[in-house]
Amino acid sequence: MRIVLVGPPGAGKGTQATRLAETLHIPHISTGDLFRANISQQTELGKLAKSYMDAGNLVPDEVTIAMAKDRMEQPDAEGGFLLDGFPRNVSQAEALDELLETEDMKLDAVLDLEAPEDEVVKRIAGRRVCRNESAHVFHVTYSPPKKEGVCDVCGGELYQRDDDSEETVRKRLEVYHTQTEPIIDYYKSQGLVATIAATGPVEEVTRRALEALKRDK
Ligand SMILES: [Zn+2]
């Protein structure tokens with residue numbers, strides 16, 4: 001199955017991508033991972049991407065697309081893949097279609113995770129991370145530490161990352177609305193979109209997504 005997962009920051013896209021890819025036995029291809037892998041292996045594309053990032057610029061679509069192409073051609077992606085973070089605008093979606101066409105492939109579904117804006121802001125802005133270990137993550141409402149501001153695991157100080165501030169989240173949502181949301185309409189015209197309510201327990205959201213994929217088949 002070839003799936004694209006779309007959703008605003010804070011909708012739990014990364015978590016759902018991991019869970020769905022595991023259940024469906026297909027690789028989870030995220031742009032974040034692609035960038036990290038290409039940069040750490042110092043591939044030509046990685047070096048190119050890094051030169052843009054170091055200069056404080058966005059990595060051009062062509063570079064992202066080329067990385068995604070390389071990854072989709074790996075043997076483990078033969079039976080399908082789940083794309084997370086790509087495409088993130090209409091021109092990338094068009095490029096992906098062209099790419100798939102040259103390989104005689106088609107997307108099977110586009111899962112659109114939907115969550116109310118206030119909910120995603122609350123989810124992200126409430127995150128607190130341990131200064132000692134970034135894997136120690138808490139949430140002021142959903143998983144508060146036993147003692148406010150102190151990590152349950154190691155006693156380290158908890159803080160809010162700059163990326164998680166309400167102001168930054170609102171900005172990221174704005175970018176999502178203007179850049180990424182139009183791809184939903186693009187894929188709707190191809191009859192590929194299944195809208196999934198991304199609220200409630202993680203397991204429940206996964207179940208809804210799997211149901212939608214079954215219906216599509
Ligand atoms: Zn800690």
Side-chain angles (χ1 to χ4, degrees), residues 3-18 21 27-77 81-100 102-103 113 120-121 123-138 151 156-184 186:
I3 303 166
V4 169
L5 190 62
V6 188
K13 196 156 55 78
T15 307
Q16 292 303 330
T18 307
H28 166 200
I29 303 181
S30 89
T31 31
D33 291 343
L34 282 181
F35 277 63
R36 275 187 290 276
N38 276 277
I39 289 170
S40 76
Q41 289 158 24
Q42 301 194 352
T43 66
E44 287 308 312
L45 289 169
K47 285 184 209 163
L48 196 56
K50 195 168 180 303
S51 69
Y52 285 98
M53 290 154 85
D54 286 347
N57 294 318
L58 282 178
V59 177
D61 284 349
E62 299 83 56
V63 178
T64 310
I65 292 159
M67 282 184 193
K69 179 174 187 286
D70 279 355
R71 183 62 188 87
M72 288 187 290
E73 285 169 349
Q74 301 294 313
D76 68 336
F81 46 74
L82 187 146
L83 297 176
D84 163 17
F86 173 84
R88 58 146 207 246
N89 58 43
V90 171
S91 78
Q92 288 191 357
E94 287 168 351
L96 175 63
D97 272 352
E98 277 170 33
L99 198 72
L100 290 171
T102 59
E103 316 255 339
L113 295 181
V120 302
V121 171
R123 280 191 202 175
I124 298 178
R127 260 185 221 153
R128 295 295 179 270
V129 182
C130 175
R131 288 213 189 267
N132 293 339
E133 173 58 65
S134 60
H136 302 162
V137 182
F138 298 83
C151 177
E157 185 199 351
L158 300 179
Y159 74 109
Q160 185 188 46
R161 297 183 313 172
D162 288 342
D163 274 0
D164 294 343
S165 75
E166 177 163 348
E167 196 195 346
T168 308
V169 178
R170 299 254 181 220
K171 269 189 208 144
R172 283 165 64 200
L173 282 167
E174 184 60 35
V175 172
Y176 178 77
H177 291 315
T178 54
Q179 301 284 313
T180 306
E181 249 173 17
I183 73 174
I184 307 284
Y186 174 84

At their closest point, which heavy atom of [X] faces which heavy atom of [Y], and how far apart are they?
| X | Y | value |
| --- | --- | --- |
| Gly46 | Ile39 | O-CG1, 3.6 Å |
| Gln160 | Ser165 | NE2-CA, 3.8 Å |
| Lys13 | Leu113 | CA-CD1, 3.7 Å |
| Glu103 | Lys69 | OE2-CE, 4.4 Å |
| Met72 | Ala77 | O-CB, 3.5 Å |
| Ala21 | His28 | CB-CB, 3.6 Å |

Between [atom1] of [X] and [atom2] of [Y], what distance do you get to the nearest 0.5 Å?
| X | Y | atom1 | atom2 | answer |
| --- | --- | --- | --- | --- |
| Arg170 | Ile124 | CZ | CD1 | 10.5 Å |
| Ile3 | Ile29 | CD1 | CD1 | 11.5 Å |
| Lys47 | Asp54 | NZ | CG | 13.5 Å |
| Asp84 | Thr31 | CG | OG1 | 6.5 Å |
| Tyr159 | Cys151 | OH | SG | 12.0 Å |
| Tyr186 | Leu96 | OH | CG | 8.0 Å |

| request: Start with the C-alpha distance between Asp76 and Arg71, add both sets of side-chain angles, then the distance that settles salt bridge (charged side-chain N to carboxylate O under 4.0 Å, His left out), and finish with yes or no. | output: CA-CA 9 Å; Asp76 68 336; Arg71 183 62 188 87; 2.8 Å; yes

Check: [Y] main-chain N/O paired with [X] side-chain donor or acceptor under 3.5 Å:
| X | Y | value |
| --- | --- | --- |
| Asn38 | Leu34 | yes |
| Gln92 | Arg88 | yes |
| Arg131 | Glu157 | no |

| Between the side chains of Thr168 and Asp163, is a donor N or O closer than 3.5 angstrom to an acceptor N or O? | no

| request: Would you mind reporting whether Leu173 and Pro9 have side-chain heavy atoms less than 4.5 Å apart? | output: yes

| Do Asp61 and Phe86 come close enough that some side-chain heavy atom pair is under 4.5 Å? | no

| message | Applying side chain to side chain contact (heavy atoms under 4.5 Å, CB included) to Asp70 and Thr43, what does each step give before you reach the verdict? | response | CA-CA 11 Å; Asp70 279 355; Thr43 66; over 6 Å; no

| said: For a side chain to side chain contact (heavy atoms under 4.5 Å, CB included) check, start with the C-alpha distance between Phe35 and Met53, then their side-chain angles and the critical distance, and finish with the verdict. | reply: CA-CA 11 Å; Phe35 277 63; Met53 290 154 85; 4.0 Å; yes

| request: Using a strict cut-off of less than 4.0 Å between a Lys/Arg side-chain nitrogen and an Asp/Glu carboxylate oxygen, indicate whether Glu174 and Lys171 qualify as a salt bridge. | output: no

